[in-house]
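The structure under discussion appears below in the form of structure tokens.
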Amino acid sequence: MNAPISIEMVMLLAGILFILGIAGVIIRKNIIFMLLSVEIMLNAAGLAFVAAGSRWAQPDGQVMFIFILTMAAAEVSVGLALILRIYHQHKSLDIDKLKEMKG
Amino acid sequence: MSGNDFIALSPLLLLTGSSVLIMLLIALKLSHRNIQLSSLLLFILAFFSLFYEPDVSPHHIEPLLVVDRFAVFIMGLIIFSGLVVNILSYIYFEEKEEGPKEYYVLLFLCTLGACVLATSKHFISLFLGLEILTVGLYALIAYLKARHHNIEAGIKYLVLAAFSSAFLLFGMALIYLQTGSMEFSIIGRSLHSLPSLPPLFLTGLGMMLVGVGFKLAVVPFHMWTADVYQGAPTPVTSFIATVSKGGVIAVLLRFFIVIDGFRFSPLMLMLMSIAIASMIVGNLLALQQKNVKRILAYSSIAHLGYLLVALIPGSVMSIQAVSFYLAAYFITILTAFGIMTILSTKENDAEDIESYKALFWKHPLLACIFSAALLSLAGIPLTAGFVGKFFILAASLQAGFWMIAFVLVIGSVIGLYYYLRIISKMFSGRGGVPRKEQRSHPVFYLVSVIVLSLLTLFIIWFGVYPSGLIYFVDYFRLNM
Amino acid sequence: MILTYLIGILMGGGLLALLLGQWNKSLPKWIALGTVSIGFMLLVSFWIDQSHGVNIFLSETWMAEYRHDWIPAFGISFHLALDGLSLLLLVLTFFLGILAVLCSWNEVKERVGFYHFNLLWILAGISGVFIAMDLFLFYFFWEVMLIPMYFLIGIWGSEKREYAAYKFFIFTQASGLLMLLAILGIYFIHGSNTGNYTFNYFELLGTTISPDTAFWLMLGFMIAFVVKLPLVPFHSWLPDAHSEAPTAGSLILAGLLLKTGAYGILRFVLPLFPEAAQSVASWAMLLGVIGIIYGAILAYSQTDLKRLIAYTSVSHMGFVILGIFAFNELALQGVIMQLVTHAISTGALFIMAGMLKERLHTRDVRLMGGLWTQMPQMGGTAMLLAMASLGLPGLGNFIAEFLILLGAFKANVWLTVLATCGLIFSAIYSLWLIQQVFLGPKKTPDSVQDFSWREIILMASLILSIIWLGLYPQPVINTARPMINKLEKLFVNQSTNNKHVNNLHSTICIEHASSTASFSNTIKLV
Amino acid sequence: MDYLLWLIPAFPLVGFIVLALLGKHLSRFWIAIIGAGSVSLSAILTFVIGFSFLSSTPTGGHYSQTLWTWLEVAAFNPKITLYLDALSLVFVFVITFIGALIHIYSVAFMAADKDYARFFACMNLFVFSMLLLVLADNLLLLYLGWEGVGLCSYLLIGFWYENPTNGYAARKAFIITRLGDTAMAIGLFVIFYQFGTLVIPDILALAPSTWHEGATIATVAALLLLAGGIGKSAQLPLQTWLPDAMAGPSPVSALIHAATMVTAGVYLIARMHVIFQLSPIVQMIVAGIGAATLLIAGFSALTQYDIKRVLAYSTISQIGYMFLALGLGAWTAAIFHFMIHAFFKALLFLAAGAVIEALNHEHNMFKMGGLKNKLPVIFWTFLIGSASLAALPIISAGFYSKDQILWYAWASEHGSPILWLIALLGAFITAAYTTRMMVLTFWGDAKTSVGHYPGKLMTIPLIVLAFFSLFAGFIELPHNFGQFTLFSNLLHQVLPETVLKAGIHGELLFQLLALLVTFGGIYLAYIFWYKQPQRIEKLKRSAPLMSLYRFWFSGWGFDQVYQVLFVKPIVFIANINKNDVVDKLYQGITTATVHLYRLLSFTQSGSLRWYIIGLVIGAILILSIQLML
């Protein structure tokens with residue numbers, strides 16, 4: 001129907017998503033939300049890959065996106081396991097509680 | 001996948017197979033000792049499989065992997081370190097009374113990841129290897145429930161690793177966008193004609209370097225090192241310090257060689273500034289540190305700085321210097337952390353420098369091994385570290401990089417201070433006669449001491465008569 | 001082949017002492033004494049048949065050479081060679097080695113095996129430095145010399161030993177690394193000029209380097225040697241290392257380690273970079289003179305006996321720098337005499353300080369006094385040593401200082417006048433030392449016995465050698481002559497072609513129309 | 001006979017070695033035998049060699065014997081050669097003869113001392129080094145003797161080392177003479193580079209051809225040698241150490257600080273007379289220094305109360321006369337005065353030592369008195385010594401030597417009325433303080449009782465010295481007393497004739513004047529300190545005179561000046577800089593690195609969010625470097 005979306009727009013979107021993810025990780029105190037914003041960053045990277053793939057009309061971008069998804073899933077699962085243990089030990093998910101090692 | 005491919009990939013296949021095999025053995029409820037022995041056997045098998053690599057010219061497994069002599073050398077180093085960590089971790093986990101059967105599975109997987117990195121020539125294999133390694137490490141770092149800082153180190157590493165791999169991916173996407181392919185050689189060919197790097201490629205490469213920088217723990221991305229090294233169990237720390245860095249260095253070197261990044265001044269300048277920063281900051285951070293693990297963490301930052309100095313000239317000699325220094329650095333760090341593993345008991349983890357007071361008079365042999373390792377880290381002659389540092393200085397001076405060589409000298413002088421501080425702590429104090437306390441696992445204790453003394457012999461041997469290793473390194477050189 | 005035997009004996013002896021040290025306490029002493037005296041005998045016999053056999057005066061200066069490939073990839077070879085200068089310093093090393101073992105006979109009680117291991121490995125490192133003719137091997141021995149000395153000071157030293165050990169190690173190591181950069185620099189320049197990359201000293205001799213890089217490379221070498229031979233701005237490690245080291249440690253430190261600095265300049269800086277050395281000569285001489293006066297003034301105000309003696313050696317080493325950078329045969333012979341005699345006289349003073357510490361358990365000079373009455377023999381020897389250190393004629397140091405000043409007078413008149421005034425300061429601190437320790441009212445309550453037999457042999461050998469060097473130093477001069485002549489030839493054609501350097505400052509010196517031998521031609525007045 | 005030459009210094013050296021090594025084990029008798037015996041043996045040997053030298057003067061006018069080549073580097077090869085010519089014969093004779101007498105005297109004098117062996121060892125070493133000094137054929141060997149003599153004076157001044165003031169005096173002597181020695185060393189360098197050799201005969205031969213008269217080099221060399229001489233002979237700028245050197249035992253003062261060491265400067269200048277002749281300005285300076293010193297020392301001697309310090313100042317003044325003579329070119333007169341002065345000054349010191357010991361260590365002359373009849377021998381010998389010092393005409397030897405110098409002060413080529421007048425005034429003061437000393441110690445009522453009577457061993461040397469103080473003068477009569485000038489004929493083989501102004505006559509008139517001045521001085525001292533002591537009281541009341549008295553007493557304030565100018569600043573700098581300001585530099589570097597460490601370890605704050613911010617900043621930095629460059 002209307003003109004195809006130009007590659008710059010998609011990259012811009014991916015960039016914005018990426019920066020949102022970074023901001024999320026820095027601002028949020030709760031570990032779950034930090035993991036969540038890291039997920040956003042990973043998806044942004046995936047989006048960039050898909051866009052690049054479409055630019056060169058090669059499937060590689062999408063194959064890469066699938067890999068990114070699997071990796072993100074694995075990483076989040078391990079992350080949640082760790083979060084469970086943190087909650088058992090510290091009774092709170094606030095990242096600033098975990099500051100014993102310093103100097 | 002012809003016959004040759006299988007032989008070429010035998011180490012990787014063996015590693016995957018053995019991780020699966022170990023899982024089965026765990027299912028059969030074998031005791032911790034049997035599992036450890038079997039994993040040891042499998043590691044040795046994998047190590048010897050390397051010797052049967054076909055000496056045919058570099059064997060390309062399109063499109064992801066290439067198994068050339070340099071890859072075999074790096075895989076050899078990685079598997080050897082995995083083997084040593086495997087041997088050392090038995091006593092450590094027995095002391096902590098936690099039957100870590102799944103630990104060995106993760107160990108195999110992480111070694112596999114590193115090997116994949118060593119042989120990768122494509123972004124996807126780079127990403128795959130890196131992620132197998134990193135996710136495996138998440139679990140390894142947070143392995144011991146009882147340990148005090150354990151969980152904190154685990155979560156820190158997880159969030160930061162994921163964060164930096166996001167950067168890596170975004171960088172790869174930009175480069176892919178720019179060059180249209182993810183294979184190093186094709187990227188290289190596309191850059192061949194361009195006098196300078198296009199901006200998009202530059203930002204992509206920059207972001208990739210953020211991810212790689214995090215893994216190598218060079219200066220702007222070094223802050224996690226000390227906490228994770230301190231938090232993780234000691235064998236895992238030695239694993240992180242050696243294997244994860246070795247694999248990444250290999251792929252970085254291969255990538256730079258293929259795209260011939262040495263001729264682009266912004267790239268080189270950036271690498272130089274990172275190298276200088278990490279040498280200075282790494283040594284300075286360890287100056288008055290009380291915790292030996294944190295000292296070794298900061299010193300590994302500095303050592304990565306030295307490695308980057310070796311990498312920068314990009315000449316034939318600099319590649320030899322990188323592989324020589326990697327070998328020397330691996331052996332020394334393994335010995336140092338090995339000693340810490342042996343000395344750590346149930347309660348304290350032989351972290352605090354005070355626990356090394358008058359060690360020479362309690363355990364003369366262990367103290368000698370530890371001083372040899374520390375002297376090699378400091379780069380004093382008679383040790384492999386010195387010849388490594390000499391090699392790096394030669395490589396950088398041959399290409400005329402006087403500035404970095406001078407900063408390397410200043411860094412290693414600062415470094416002298418804290419290595420000597422540990423050594424003099426070991427020799428201070430008028431300790432009495434060495435007391436014989438009962439060891440829970442005499443056999444394994446003996447095996448580990450033998451392994452460590454073997455490593456020390458290597459350090460001294462490469463220090464006094466290094467031409468053997470130099471010839472070896474030259475044979476397994478990555479040809480330009 | 002004798003060269004490898006020497007180093008091999010020492011290292012082997014060290015290991016043996018370490019191993020046997022576990023079982024019985026007194027064996028390592030005898031092993032150490034045995035190894036060092038065998039080495040000494042070997043050397044002296046070599047020296048005797050050298051002086052008879054081959055005529056010293058022929059141009060061939062190298063007496064023995066041994067070469068074996070070590071790291072062919074870099075062109076590094078295990079290359080040892082011996083000429084007059086190295087032979088002298090080797091004999092000195094073994095002589096002082098015997099004395100070091102003797103004087104720590106019953107001073108060291110615990111961990112005797114490891115102590116003698118360190119002692120012998122330091123000697124091995126030092127003798128290695130003196131005969132290494134491959135720049136990498138030289139740097140290798142330069143570092144090997146450090147570690148055992150660090151342990152010696154760090155473990156068996158007195159109160160502030162750790163601080164002193166650090167300072168010593170880091171000072172020398174830092175400057176050593178800078179030298180490593182310079183070595184690599186000249187290695188690559190030679191390689192790019194001639195194509196073959198080698199660290200061999202003889203091949204590197206001829207490299208042509210552009211003046212400003214030569215200047216920087218020369219500075220790289222000089223920094224390492226100037227820190228070791230303490231020249232004033234870099235000397236602050238010496239007093240700490242000396243006052244904290246055990247007696248044998250400070251004997252070896254003063255007697256030998258300082259000499260490696262001077263040897264390094266003579267062997268590497270002058271031949272490799274003649275023009276650069278020429279251009280920096282007047283500055284170096286100035287620093288030398290400052291060193292003489294500064295060291296003397298500081299020696300005067302010290303209250304710790306060993307620190308006082310340490311500063312005196314800073315002052316004496318100032319003469320060495322003055323002599324080296326005068327570039328004429330008189331001054332260079334004086335420098336070599338100074339190396340030998342300073343080692344003996346300051347070594348003896350340190351042994352004396354060690355004995356006093358053993359008897360009075362203190363190094364503070366203010367607590368000592370009037371010891372002459374109880375210990376006339378020690379008083380007499382101390383008086384003679386003090387006279388040696390202030391350069392009384394008839395003792396070795398005078399010959400050295402007189403030759404240096406005579407030689408330096410030709411190179412730079414006003415600096416030499418200033419240096420000669422340094423002799424006055426040396427008189428002030430030497431007599432002040434004797435006055436405080438031996439003369440004056442009796443302060444030490446307990447009765448201290450005079451020399452034991454062992455100490456008499458120790459001291460007698462040192463005093464006899466100082467007096468022998470004072471009255472008949474010719475053997476030492478003859479052994480060093482070939483090397484000095486070759487060195488001086490390098491600088492004679494230097495000075496004739498750059499005329500302005502010569503007549504710039506020497507108002508009274510003589511115009512060198514013909515060869516240096518004929519003196520009595522016309523006076524050049526400026 | 002020259003093959004025996006090396007035995008002269010060898011005997012005292014052997015004596016020193018034996019006493020130094022075995023001193024503890026020998027009995028006092030044997031120590032005395034070896035100590036005094038060695039010097040007497042070399043004295044006898046000197047007579048034998050001297051006799052053979054005088055009877056058949058050897059070819060070239062000197063004996064020389066080379067022992068071995070001391071050093072051989074490039075063109076510099078000094079040999080250990082002994083060289084005896086007329087000049088050194090006189091010096092060797094004086095050293096060994098008077099040395100032997102003093103050794104015999106000190107056998108008895110030091111009998112009570114516990115460090116008997118050490119005393120004789122140092123005395124023998126001193127005689128050895130002094131002999132080496134005068135017998136040296138090259139300047140380096142002379143320098144060896146020169147410093148050896150300085151060392152022995154240090155050892156002997158500080159002989160009683162328990163008392164730190166003796167130590168201080170000894171150090172002061174050594175360091176001040178060392179000042180002179182360094183100047184002389186520089187002189188040696190200049191001479192070496194001018195003539196290519198340090199052998200004295202060659203230098204004297206080459207000098208006239210190499211240098212033209214009045215050349216700057218000649219002046220510089222002469223000045224440097226003069227500085228060496230001044231240091232050793234305690235002349236004007238460097239004379240403060242001699243009065244303090246009286247801390248040593250009396251025989252030491254007699255031998256070292258009267259007869260031999262202090263005249264080393266005179267020997268050096270006489271030996272190197274050619275260089276001094278080549279630069280007239282320096283010769284004038286020598287004369288000036290001599291004149292000034294004799295006046296200053298004379299006035300100071302007038303005010304001392306310690307008998308030994310009076311003699312010390314009188315020695316400085318008499319050496320001033322010798323320097324004056326050297327300055328005037330009257331070389332033989334200077335050496336003659338040296339010989340005569342050695343006799344009577346040694347006598348005076350020994351007698352004073354006997355007096356001090358008799359009054360059990362009482363040094364203050366005002367507390368002595370009335371010893372005339374208690375110690376007759378000491379009195380008579382002291383009287384002859386003082387007569388000779390005051391230059392009593394005709395009878396005392398002092399007259400002949402001093403009169404010659406007075407005459408040359410007027411008549412010689414470089415002489416001038418002012419110098420003569422100063423010399424005359426000096427003679428007047430000498431007469432005054434000598435009589436003051438005599439009167440205070442021997443006449444008047446006895447204030448302290450005599451505890452100890454000197455034995456035979458002490459009186460014989462005194463008598464022998466008294467004999468020489470009287471009759472030694474006759475070998476050199478003034479010109480108008482007939483041409484009997486044995487001494488100068490001997491010395492003219494080595495030293496040049498003194499050139500007189502043209503048309504000078506009336507020597508007799510000057511002698512009468514000198515006679516008048518001497519008797520005036522004696523009479524004045526006699527009146528003031530014996531007949532009417534109340535005159536002194538009157539003088540004491542006037543303030544300016546008292547300040548002048550204190551000024552003279554302190555040796556014209558030189559000590560205070562040097563203390564303020566040199567000693568205080570150096571000590572101040574040394575103590576300020578005790579722990580090495582350069583060390584602060586390195587401590588600064590270490591503290592800077594530690595501060596850097598603290599700054600960086602602050603970044604390791606442990607919080608994950610801070611690490612992420614760090615990582616992001618790093619990423620931004622990298623990208624900016626990438627894109628900008």
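Only a predicted model underlies this, so the values are computations on that prediction, with no experimental measurement involved. By convention in this document, chain letters (A, B, ...) are assigned in the order of the sequence lines, proteins followed by strands, and residues within each chain are numbered from 1.
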**Message:** So for A:Val25, is it side chain, backbone, both, or neither that comes closer than 4.5 Å to the heavy atoms of chain B?
**Reply:** side chain
**Item:** Minimum side-chain heavy-atom gap B:Thr119-B:Val66 below 4.5 Å
**Value:** no
**Complete:** The interface call for B:Met207 against chain A, heavy-atom contacts under 4.5 Å, is side chain
**Message:** Is any side-chain heavy atom of A:Leu17 closer than 4.5 Å to one of A:Asn43?
**Reply:** no
**Prompt:** Are any non-hydrogen side-chain atoms of B:Pro233 and B:Tyr103 less than 4.5 angstrom apart?
**Reply:** no
**Item:** Proximity breakdown for B:Phe167 and chain A, heavy-atom pairs closer than 4.5 Å
**Value:** both
**Request:** Select one option (side chain, backbone, both, neither) describing which atoms of A:Ala14 are under 4.5 Å from chain B's heavy atoms.
**Result:** both
**Prompt:** Checking A:Ile22 against chain B: side chain, backbone, both or neither under 4.5 Å from a heavy atom?
**Reply:** both
**Item:** B:Ala161, part contacting chain A, at a heavy-atom distance under 4.5 Å
**Value:** neither
**Asked** So what's closer than 4.5 Å to chain B heavy atoms on A:Ile68: side chain, backbone, both or neither?
**Response** both
**Request:** Report yes if the side chains of B:Glu102 and B:Tyr143 come closer than 4.5 Å at any heavy-atom pair, otherwise no.
**Result:** yes
**Item:** Most contacts with chain A, counted as non-hydrogen pairs under 4.5 angstrom, among B:Leu174, B:Leu158, B:Thr134
**Value:** B:Leu158
**Fill in**
Cut-off 4.5 Å, heavy atoms of chain B, and the answer for A:Lys99 is backbone
**Message:** Can you tell me which portion of B:Lys156 sits under 4.5 Å from chain A's heavy atoms? Options are side chain, backbone, both or neither.
**Reply:** side chain
**Item:** A:Ile86 portion near chain B, given a 4.5 angstrom heavy-atom threshold
**Value:** both
**Asked** How many angstroms lie between CZ in A:Phe67 and OG in B:Ser125, if you round to the nearest 0.5 Å?
**Response** 10.0 Å
**Asked** What heavy-atom pair brings A:Leu80 and A:Leu35 nearest, and what distance separates the two atoms?
**Response** N-CD1, 4.3 Å
**Message:** Quick one, A:Glu75 and B:Glu131 - any side-chain contact, counting heavy atoms below 4.5 Å?
**Reply:** no
**Fill in**
When rounded to the nearest 0.5 Å, the distance separating SG of B:Cys110 from CZ of B:Phe239 is 5.0 Å
**Message:** Checking B:Asp227 against B:Tyr157: is there a side-chain donor and acceptor pair closer than 3.5 Å?
**Reply:** no
**Fill in**
Checked B:Val135, B:Ile124, B:Ile132 vs chain A; the most non-hydrogen pairs under 4.5 Å come from B:Ile124
**Prompt:** Among A:Gly21, A:Ser37, A:Ala74, A:Gly53, which residue forms the greatest number of heavy-atom pairs with chain B at distances under 4.5 Å?
**Reply:** A:Gly53
**Item:** Part of B:Leu128 within contact of chain A (heavy atom distance under 4.5 Å)
**Value:** side chain
**Message:** Between B:Thr179 and chain A, with a heavy-atom cut-off of 4.5 Å, which part of the residue counts as in contact: side chain, backbone, both or neither?
**Reply:** backbone
**Asked** Quick one: what part of A:Phe49 sits under 4.5 Å from any heavy atom of chain B, side chain, backbone, both or neither?
**Response** both
**Message:** Any carboxylate oxygen within less than 4.0 angstrom of a Lys/Arg side-chain nitrogen, looking at A:Arg55 and A:Glu8?
**Reply:** no
